[in-house]
Amino acid sequence: MIERPRGTHDVLPDEQPLWRHVTGTAEALCAIYGYRPIQTPVFEDTELFQRTSGQGSDVVQKEMYTFADRSGRSLTLRPEATAPIARAYVEHGMHRLPQPVKLYTIASCYRYATPQRGRYREHFQLSVEAIGSDDPLVDAEIVQLYDEFLRRLGVTEYQLELNSIGDRNCRPAYVEKLVQWLDEHDDVLDDEARQKRATTPLRVFDVDNPRVREALQAAPKIGESLCDECREHFSAVRAALDAYGVGYTIQPTLVRGLDYYTRTTWEFVGPEGGAQSTISGGGRYDYLVEEIGGPPTPGVGFGAGIERLLLALAGREPELTEGIDVFFVCDAAADRERVLPLLAELRRRGLKADLDYAARSRKGQITQAGRLGAGWTVIVDGAQATVREQGKEDWTTPLDALVETIAG
RNA sequence: GUGGCGGUAGCUCAGUCGGUAGAGCCCCUGGUUGUGGUCCAGGUGGUCGUGGGUUCGAGUCCCAUCCGCCACCCCA
């Protein structure tokens with residue numbers, strides 16, 4: 001048997017109502033906040049992700065689905081949706097539109113990682129982006145949008161972690177300062193920490209060794225080294241979140257995995273999913289558009305995993321019923337034929353109507369009607385019909401009058 | 001990519017010491033029952049993940065591999 005590729009999953013009909021509830025809620029909310037939908041290709045020029053995510057990032061190092069097409073071009077299935085949207089912004093000259101340009105998409109993303117619950121090689125992300133403004137109120141708006149999204153879905157147990165990682169003015173100096181501190185305290189480091197010092201210094205705070213973590217408490221933190229502009233920006237973001245009533249905790253060591261982030265960064269952490277409990281992550285990316293070849297343009301946005309949100313939603317799913325209106329039960333072949341024009345007319349009027357195609361017995365057909373949640377079960381007998389209407393006594397009618405009685 | 005655990009019917013699982021494959025649910029049929037619910041009886045459904053090996057004989061033991069789950073890495 002041919003099975004689905006590793007790390008992918010089918011979304012079956014039974015799961016569709018919940019999926020549509022989630023994506024529909026996202027779309028409705030984005031519309032209310034003034035974000036407009038956009039779609040970009042599933043694959044992009046490989047260079048787009050190499051340049052923006054950073055050569056040292058895990059995504060570029062080991063997780064991209066990269067292939068050569070028949071002409072030898074290197075293409076990559078998108079591992080995330082922000083860079084493609086920024087690319088579309090530049091390519092279509094959206095910097096001439098009134099700023100900021102507020103966009104969102106619900107897109108499949110692809111990462112070659114070892115799959116487990118909440119981590120897939122193909123997954124879906126809601127990606128919301130505001131490009132063209134460095135106003136801290138935009139950061140706050142977009143964070144509050146996701147917070148409101150969770151509220152609407154009934155997810156209550158989550159945490160928002162917030163940080164600022166500075167910009168090109170203050171971050172390089174901070175990294176230098178941090179590396180210098182690490183050099184001076186080399187004796188308290190372990191191999192993992194030394195490794196990170198060499199590749200991704202900001203990540204040394206993630207090391208496992210508790211002894212090293214303890215020692216790192218004394219190391220300089222980015223928050224103390226922000227330039228005045230970044231400091232003011234961050235405090236304005238926090239003030240706006242306070243005004244919105246969005247709770248958060250400052251996480252001074254929160255660093256994101258992609259190189260393009262600047263200033264504000266955040267993660268929403270949900271209650272489920274074990275090690276994969278991050279349900280949304282985002283931040284500001286003030287040099288991304290420029291990196292792609294557009295004019296210097298600030299931006300801010302987030303990606304939110306749909307599958308992980310569903311995990312966080314487990315046990316709180318709303319009742320989503322999708323019963324049909326009319327089901328015809330026929331014993332004789334002649335009755336089935338007699339019913340066809342009624343079936344067409346009911347459907348023409350927008351009612352969900354159906355009949356048996358599995359050669360079931362009368363009892364089986366009535367059972368099927370019940371399974372489908374039929375509002376009216378019409379048991380046909382020649383030109384007459386007995387109708388079982390939910391919550392009422394059975395009644396009889398000539399078939400000729402059925403449509404008018406039900407739909408008229 | 002590394003390590004640990006697992007894979008038997010559509011689903012949830014049992015399967016003893018190696019001896020010809022089981023249950024419940026679901027589905028279909030018949031009966032009971034003044035609603036499609038309940039109850040009773042019967043039936044369909046299997047490459048025991050896959051491929052090798054050991055053996056007279058493998059769901060069971062060994063090896064490899066695929067897939068899932070957990071941890072690490074990292075993320076959504």
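What you see is a predicted model; the values in this text were computed from it and never measured. Lettering follows sequence order; numbering is per chain, from 1.
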Point-to-point distance, once rounded to the nearest 0.5 Å, from CD of A:Gln384 to CG of A:Asp400
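These two atoms lie 9.0 Å from each other.
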Distance in angstrom units between [X] [atom1] and [N] [atom2], rounded:
{"X": "A:Trp395", "N": "B:G34", "atom1": "CH2", "atom2": "C1'", "value": "19 Å"}
{"X": "A:Gln368", "N": "B:C26", "atom1": "CD", "atom2": "C1'", "value": "13 Å"}
{"X": "A:Gln276", "N": "B:A76", "atom1": "CD", "atom2": "P", "value": "12 Å"}
{"X": "A:Glu3", "N": "B:G49", "atom1": "CD", "atom2": "C1'", "value": "7 Å"}
{"X": "A:Leu258", "N": "B:C74", "atom1": "CG", "atom2": "C1'", "value": "11 Å"}
{"X": "A:Lys62", "N": "B:C74", "atom1": "NZ", "atom2": "C1'", "value": "6 Å"}
{"X": "A:Asp58", "N": "B:U2", "atom1": "CG", "atom2": "P", "value": "16 Å"}
{"X": "A:Arg362", "N": "B:C28", "atom1": "CZ", "atom2": "C1'", "value": "18 Å"}

Tell me if the centroids of the rings in A:Tyr260 and A:Tyr287 come within less than 6.0 Å of each other.
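For A:Tyr260 and A:Tyr287, the ring centres are not under 6.0 Å apart.
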Mind checking the [atom1] distance from [N] to [M]? Whole angstroms is fine.
{"N": "B:G43", "M": "B:C11", "atom1": "P", "result": "23 Å"}
{"N": "B:U8", "M": "B:C48", "atom1": "P", "result": "12 Å"}
{"N": "B:A14", "M": "B:A21", "atom1": "C1'", "result": "11 Å"}
{"N": "B:C13", "M": "B:G57", "atom1": "P", "result": "34 Å"}
{"N": "B:U54", "M": "B:G45", "atom1": "C1'", "result": "33 Å"}
{"N": "B:C74", "M": "B:C67", "atom1": "C1'", "result": "22 Å"}
{"N": "B:G24", "M": "B:A9", "atom1": "P", "result": "16 Å"}
{"N": "B:G19", "M": "B:A58", "atom1": "P", "result": "11 Å"}

For a quick check of understanding: with a heavy-atom distance under 4.0 Å over all strands, which category does [X] fall into, base, sugar-phosphate or nothing?
{"X": "A:Gly270", "answer": "nothing"}
{"X": "A:Gln390", "answer": "base"}
{"X": "A:Arg6", "answer": "sugar-phosphate"}
{"X": "A:Glu393", "answer": "base"}
{"X": "A:Ala358", "answer": "nothing"}
{"X": "A:Ser280", "answer": "sugar-phosphate"}
{"X": "A:Thr377", "answer": "base"}
{"X": "A:Tyr120", "answer": "base"}
{"X": "A:Arg111", "answer": "base"}
{"X": "A:Ser57", "answer": "nothing"}

Nearest-nucleotide comparison on RNA chain B, the residue closer to the 5′ end among A:Gly373 and A:Gln365:
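Whichever sits nearer the 5' end wins; that is A:Gln365.
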Comparing A:Thr367 and A:Gln125 on RNA chain B - which has the more 5′ nearest nucleotide:
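Here A:Thr367 is the residue nearer the 5' end.
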A:Val269 backbone acceptor or donor facing A:Glu161 side chain under 3.5 Å
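Looks like no, no N/O pair under 3.5 Å.
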Under 3.5 Å, side chain of A:His21 to main-chain N/O of A:Pro17, donor-acceptor pair present?
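No; zero donor-acceptor contacts below 3.5 Å.
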Per [X] side chain, nearest of listed nucleotides [options]:
{"X": "A:Glu63", "options": "B:U2, B:C74, B:U35", "result": "B:C74"}
{"X": "A:Arg256", "options": "B:C75, B:G68, B:C73", "result": "B:C75"}
{"X": "A:Asp394", "options": "B:U32, B:C69, B:U35", "result": "B:U35"}
{"X": "A:Arg308", "options": "B:C70, B:C75, B:C28", "result": "B:C75"}

It should be established whether [X] places a side-chain nitrogen or oxygen under 4.0 Å from OP1 or OP2 of nucleotide [N].
{"X": "A:Tyr112", "N": "B:G1", "answer": "yes"}
{"X": "A:Gln116", "N": "B:G68", "answer": "no"}
{"X": "A:Arg371", "N": "B:C28", "answer": "yes"}
{"X": "A:Arg203", "N": "B:C73", "answer": "no"}
{"X": "A:Ser361", "N": "B:C28", "answer": "no"}

Lys NZ or Arg CZ of A:Arg78 over A:Phe43 ring: under 6.0 Å, within 45°
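So A:Arg78 doesn't make the cation-pi contact.
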Is the terminal nitrogen or CZ of A:Arg238 (NZ for Lys, CZ for Arg) located under 6.0 angstrom from the six-membered ring centre of A:Phe234 and within 45° of that ring's axis?
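Yes, A:Arg238 and A:Phe234 form such a contact.
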Check each of A:Thr264, A:Asp134, A:Thr262, A:Asp139 against A:Arg284 using the side-chain hydrogen bond (donor to acceptor under 3.5 Å, both in side chains) test, and report the only one that passes.
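Option passing the side-chain hydrogen bond (donor to acceptor under 3.5 Å, both in side chains) with A:Arg284: A:Asp139.
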Ion pair A:Lys352/A:Asp325, N-O distance below 4.0 Å:
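Salt bridge flag = no for A:Asp325 with A:Lys352.
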Across all strands shown, which nucleotide pairs with [N] by Watson-Crick or G-U wobble geometry, both distances under 3.5 Å?
{"N": "B:G3", "answer": "B:C70"}
{"N": "B:U55", "answer": "none"}
{"N": "B:A14", "answer": "none"}

